[in-house]
Amino acid sequence: MNHNILITGGAGFIGSHLTRLFVTNYPEYNIVNLDKLTYAGNLENLKDKEDKPNYTFVKGDITDIDLIKKIFEENKFTAVLHCAAESHVDRSIFDPLAFVKTNVLGTATLLQTAKEFWKDDYSKKIFYHISTDEVYGSLGDEGFFIEETSYDPRSPYSASKASSDHFVRAFYHTYKLPVIISNCSNNYGPYHFPEKLIPLCINNILHKKPLPIYGKGENVRDWLFVEDHVKAIDIIFHNGKVGETYNIGGHNEWKNIDIIKELCKQMDEKLGREKGESEKLITFVKDRAGHDMRYAIDASKLKNELGWKPSLQFEEGLSKTIDWYLNNTEWLQHVTNGEYQHYYEEQYK
Ligand code: NAD
Ligand code: DAU
C-alpha cells in the first residue's frame, strides 16, 4: 500500500536516519519531515535527501495545533512516525518544563489531530510513537526491561516520555486510534549530537580536552547502532500489531568507563597517537542528579515475532562511528558553535 507519512523530528539524530531510510527504500511514499530545528535539529543531517521528489521539509513546532492541522489537511497523512522530542537528560534537569511542553503537549497535539482527521476511517492508518527504555526506570545488577515492566521514570526527561507513552495508549484504548510504541535503548552512530556521552567524548579526544565521566563511571547502558534501530522501526511499522509495544535493544551492555576506554583505544590507533594517550584525558566529575544505574533491554518479542536482531558488533559499530566523525569535522564544528559552547560551560563548569 502507499503512504503519506509525517515524520516529526526528522532533522535530529534518529529522525534523520529514519527519514533517510524511508525516503530511500520507499520512493512510492510521500514523506514530510516536520522539525522545529532546535539546537539538536540540523538540515545538514539530510543534505543527501533534500532534493528527492518524495521528500518535503516543513519547519514548525509539534505543539502548534493550527500548523499540525494545516499539514494534515494538505498532505492527507496516513501515518505518523513521531520522533520529535527534547532528548537530553541533563538538559531536562536544567529546564524540565521545556520537556513537558514538547514531549507531553506535543505528543498529545499530534494524537488529537490524527484522531480528528482519521476518525471516519482508521483502516490503513498508523500512529507510531518512538520512545525510550528510560521509562522503565533503573535496574540493579540483574534483570532486563520487558514490555510489561512497570513504568518508573526518574528524570524529568523520562517522566515526560513516560507521560507521552501513556497518552498514546490512552488514545488507543479510548478512541481506538491505531498506535504502536517502541521503546529503545541508547543509540550511537553518525549525526549524534555531541552533548551525549559517545560523540561528546569523540569530540573531546579529537581536541585533547578532558573526558567528563559522571560519578565513578560504573553506570551501565545497552548500546545499539542507530541504523539497526531504524531498521527495527521499519519492520515494526510494516509488520507490527496495532496497540502493541516492542522493546528494541542491542544486548550490548557497557559500563561508561569501559566504553570510554575502548573509544580512547580506537581513537589513539586511528589518530596515530601513542597507546594510552587519550585515556589520560579521563576526568571523573560530579555525578548526574538521580543518575539511573543500569538499563538493559530484552528484545526477544521483536526477535521472535518479527525476526529483527542487531546486525553490528559494538566494536565495529564504534569504529564506523569514529570514522564518520573524523571524516565530518566540518559538521562537528558547525554543531559545536554558539549555543553548544554556552551549554558546555554551564554543564561542566
Ligand atoms: P535529538 O535531540 O537528536 O532530535 C530531536 C529532534 O526533534 C530535533 O531535530 C529537534 O529539532 C526536534 N524537535 C524538538 N522539539 C521539537 C518541537 N517542539 N517540534 C518539532 N520538532 C522538535 O533526539 P534523538 O536522540 O534523535 O531522539 C529521537 C527520539 O528517539 C526521541 O523521542 C527520543 O526520546 C527517542 N529515543 C532516543 C534514544 C537515543 O539514544 N538517542 C534512544 C531511545 C529513544
Ligand atoms: O536509554 C535511551 C536514552 O539514552 C534516550 O532516551 C536518551 O534520549 C538518550 O540521551 C540516552 O540517555 P542517557 O542519559 O543514557 O545518554 P547520555 O549519552 O547522556 O549518557 C550516557 C551515560 O553516560 C549516562 O550514564 C550518563 C553518562 N555521562 C553522560 C555525559 C553526557 C557521563 O558520564 N558524562 C557525560 O558527560
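In listed order, ligands and their atoms are each counted from 1. All values below come from the heavy atoms of this structure, side chains included, with hydrogens, waters and symmetry mates left out.
- Contact check on E346 versus K349 returns a salt bridge, with a Lys/Arg side-chain nitrogen under 4.0 Å from an Asp/Glu carboxylate oxygen.
- Of all the atoms in ligand 1, the ones that sit under 4.0 Å from a non-hydrogen atom of L37 are 11 (O).
- Considering backbone and side-chain N/O of N42, none are found under 3.5 Å from N/O of ligand 1.
- Protein residues with any heavy atom under 4.0 Å from ligand 2: S87, H88, V89, D90, T132, D133, E134, Y157, C184, S185, N186, E195, K196, L197, P212, I213, Y214, N219, R221, N256, R288, H291, Y295, Y348.
- Side chains of K265 and L318 form no contact here, defined as non-hydrogen atoms less than 4.5 Å apart.
- By the 4.5 Å heavy-atom criterion applied to side chains, Y188 and I202 are not counted as neighbours.
- Set against the non-hydrogen atoms of S185, the atoms of ligand 1 under 4.0 Å away are 42 (C), 43 (C).
- The nearest heavy-atom contact from the protein to atom 19 (N) of ligand 1 is I62 N, 3.0 Å.
- The option from C83, G10, G12, G106 that lies nearest to atom 28 (C) of ligand 1, judged by heavy atoms, is C83.
- When only non-hydrogen protein atoms are considered, atom 9 (O) of ligand 1 lies nearest to D35 OD2, 2.6 Å.
- Contacts of Y325 classified as side-chain hydrogen bond (donor to acceptor under 3.5 Å, both in side chains), with partners at least two apart in sequence or in another chain: none.
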Identify each donor-acceptor pair in which a side-chain atom of residues 135-144 lies under 3.5 Å from a protein atom, sequence neighbours left out, and give them as a table.
from	atom 1	to	atom 2	distance (Å)
Y136	OH	N247	OD1	2.9
S138	OG	M293	N	2.7

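- Residue T38 approaches ligand 1 through these ligand atoms, each under 4.0 Å from one of its heavy atoms: 10 (C), 11 (O), 14 (C), 15 (N).
- Each of the following atoms of ligand 1 lies closer than 4.0 Å to a heavy atom of S131: 43 (C), 44 (C).
- For the atom pair CD of E134 and OG of S155, the computed distance is 5.5 Å after rounding to the nearest 0.5 Å.
- Taking the six-membered ring for Trp, H82 and Y128 have ring centres at least 6.0 Å apart.
- Here is the list of ligand 1 atoms found below 4.0 Å of a heavy atom in I130: 30 (O), 32 (O).
- Of the polar atoms of C184, none of the N or O atoms is found under 3.5 Å from an N or O of ligand 1, judged by distance alone.
- For ligand 1, the polar-atom distance check finds no N/O of E86 at less than 3.5 Å from any of the ligand's N/O atoms.
- By the 4.5 Å heavy-atom criterion applied to side chains, W223 and S185 are not counted as neighbours.
- Remark: ligand 1 atoms within the under-4.0 Å shell around heavy atoms of Y157 are 33 (C), 34 (O).
- Aromatic ring centroids of W324 and Y191 lie under 6.0 Å apart.
- Taking a cut-off of under 4.0 Å to the non-hydrogen atoms of G60, the atoms of ligand 1 that pass are 19 (N), 20 (C).
- Of the options T107, I62, L81, a side-chain contact (heavy atoms from CB on, under 4.5 Å) to T8 is made by I62 and by none of the others.
- Interface atoms of ligand 1 facing N186, defined by a heavy-atom separation under 4.0 Å, are 40 (O).
- Nearest to atom 5 (C) of ligand 1 by heavy atom, out of A85, G9, S87, is A85.
- In this structure, K208 and S278 have side chains that are not in contact, with every pair of non-hydrogen atoms separated by 4.5 Å or more.
- Between I14 and ligand 1, a contact under 3.5 Å exists for at least one N or O pair.
- The closest protein non-hydrogen atom to atom 40 (O) of ligand 1 is N187 N, 2.9 Å.
- Once rounded to the nearest 0.5 Å, the distance linking CG of D64 with CG of L34 reads 9.0 Å.
- Side-chain contact between R91 and E195 is present, with heavy atoms from C-beta onward closer than 4.5 Å.
- What sits closest to atom 15 (N) of ligand 1 on the protein, heavy atoms only, is T102 CG2, 3.5 Å.
- Inclusion of K36 in the set of residues having an N or O under 3.5 Å from an N or O of ligand 1 is warranted.
- At least one N or O atom of D61, backbone or side chain, sits closer than 3.5 Å to an N or O atom of ligand 1.
- For F237, the ring pair (Phe, Tyr, Trp, His ring centres under 6.0 Å) partners are H3, F22, not counting sequence neighbours.
- From the protein, the heavy atom lying nearest to atom 25 (O) of ligand 1 is F13 CD2, 3.8 Å.
- At a heavy-atom distance under 4.0 Å, only side-chain atoms of K161, from C-beta outward, approach ligand 1.
- Every N/O-N/O distance between L34 and ligand 1 stays at or above 3.5 Å.
- Between F117 and F72, the ring centre distance stays below 6.0 Å.
- Ring orientation note: the planes of Y26 and Y29 are close to parallel, at an angle under 30° on the 30°/60° scale.
- Evaluated for a side-chain contact (heavy atoms from CB on, under 4.5 Å) with Y246, the options I233, I181, I236 yield exactly one hit, I236.
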